[in-house]
Trainee: 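Sharing a structure, written as structure tokens. Questions coming.
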Amino acid sequence: EPEVTQTPSHQVTQMGQEVILRCVPISNHLYFYWYRQILGQKVEFLVSFYNNEISEKSEIFDDQFSVERPDGSNFTLKIRSTKLEDSAMYFCASSPSTGPSGANVLTFGAGSRLTVL
Amino acid sequence: AQSVTQLDSHVSVSEGTPVLLRCNYSSSYSPSLFWYVQHPNKGLQLLLKYTSAATLVKGINGFEAEFKKSETSFHLTKPSAHMSDAAEYFCVVTLNTGNQFYFGTGTSLTVIP
């Protein structure tokens, strides 16, 4: 069964450092997402990406965050200057489509745990 | 606005007994609803989805959920719990035309042998 793969599974970084989280979505999917889950809290939407541009983003996704699809397979989330409160599990997801004919179904990766010290 | 409320943060059942995980939603439009499961150190796995077709939805591993518009509920059930069902369960709502998913706070299911 096709999977969304994420690397690294766990990253520890110092406050102020830049972090890049990588994701390989399912190959024929068109929509890509990042979500995060702070320990003990709910899963929160960060951003969705389609056709090489951001289609939606939440209030959380401020100027320190950016996403990129540098090639045909990878989808990355960059945090420019990490803060303590960025410590969370970050989930990448992809879906084949969206639209009124039926909701898209997200396939999630296993997550990348980011710890900011 | 869309939101999801999972009424129980933790549910504990004995192996072989029924499971009920409750979810209520709020949506201005016709929603699509999902249940995802998260096992320890694993990603979020889709259990089942409702997208305006049959109101009783069957999913994987013997789980099912019923969409009740009058009660704005989408409770997850299973007739007989198995030890492997122990996990975190998330109820999720989205619009059919949107691509933003709204998660509930999750329900942790413990299965007692």
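Each chain gets a letter, A, B and so on, in the order its sequence line appears, and its residues count up from 1.
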Trainee: Would you kindly say whether T94(B) and S32(B) are connected by a side-chain donor-acceptor distance under 3.5 Å?
Mentor: no
Trainee: Give the ring-plane orientation class for F75(A) versus F49(A), where under 30° counts as parallel, over 60° as perpendicular and anything between as tilted.
Mentor: tilted
Trainee: With under 30° as parallel and over 60° as perpendicular, where do the rings of F74(B) and W35(B) fit, or are they tilted in between?
Mentor: parallel
Trainee: Below 4.5 Å from any heavy atom of chain A, which atoms of L44(B) appear? Answer side chain, backbone, both or neither.
Mentor: both
Trainee: Looking at F34(B), is K49(B) sitting on its ring face, NZ or CZ under 6.0 Å from the six-membered ring centre and within 45 degrees of the normal?
Mentor: no
Trainee: Should the pair Y89(B) and F63(B) be assigned to parallel (<30°), tilted (30 to 60°) or perpendicular (>60°) ring geometry?
Mentor: tilted
Trainee: With a 4.5 angstrom heavy-atom cut-off, which part of Q6(B) approaches chain A: side chain, backbone, both or neither?
Mentor: neither
Trainee: With chain A as the partner chain, list the residues of residues 103-113 of chain B whose heavy atoms fall under 4.5 Å from it, by residue number, and write 'none' if nothing qualifies.
Mentor: F103(B), G104(B), T105(B)
Trainee: With only heavy atoms counted, which part of Q37(A) is less than 4.5 Å from chain B, the side chain, the backbone, both or neither?
Mentor: side chain
Trainee: Do L20(B) and V92(B) share a hydrophobic cluster (ILVMFWY, side-chain heavy atoms under 4.5 Å, transitive)?
Mentor: no
Trainee: Please answer: with hydrophobic residues joined when any side-chain heavy atoms are less than 4.5 Å apart, are L84(A) and I79(A) in the same cluster?
Mentor: yes
Trainee: May I ask you to name which of K42(A), Q41(A), E3(A) has the most heavy-atom pairs under 4.5 Å with chain B?
Mentor: K42(A)
Trainee: How far apart are the closest heavy atoms of T107(A) and V4(A), and which atoms are they?
Mentor: O-CG2, 3.3 Å
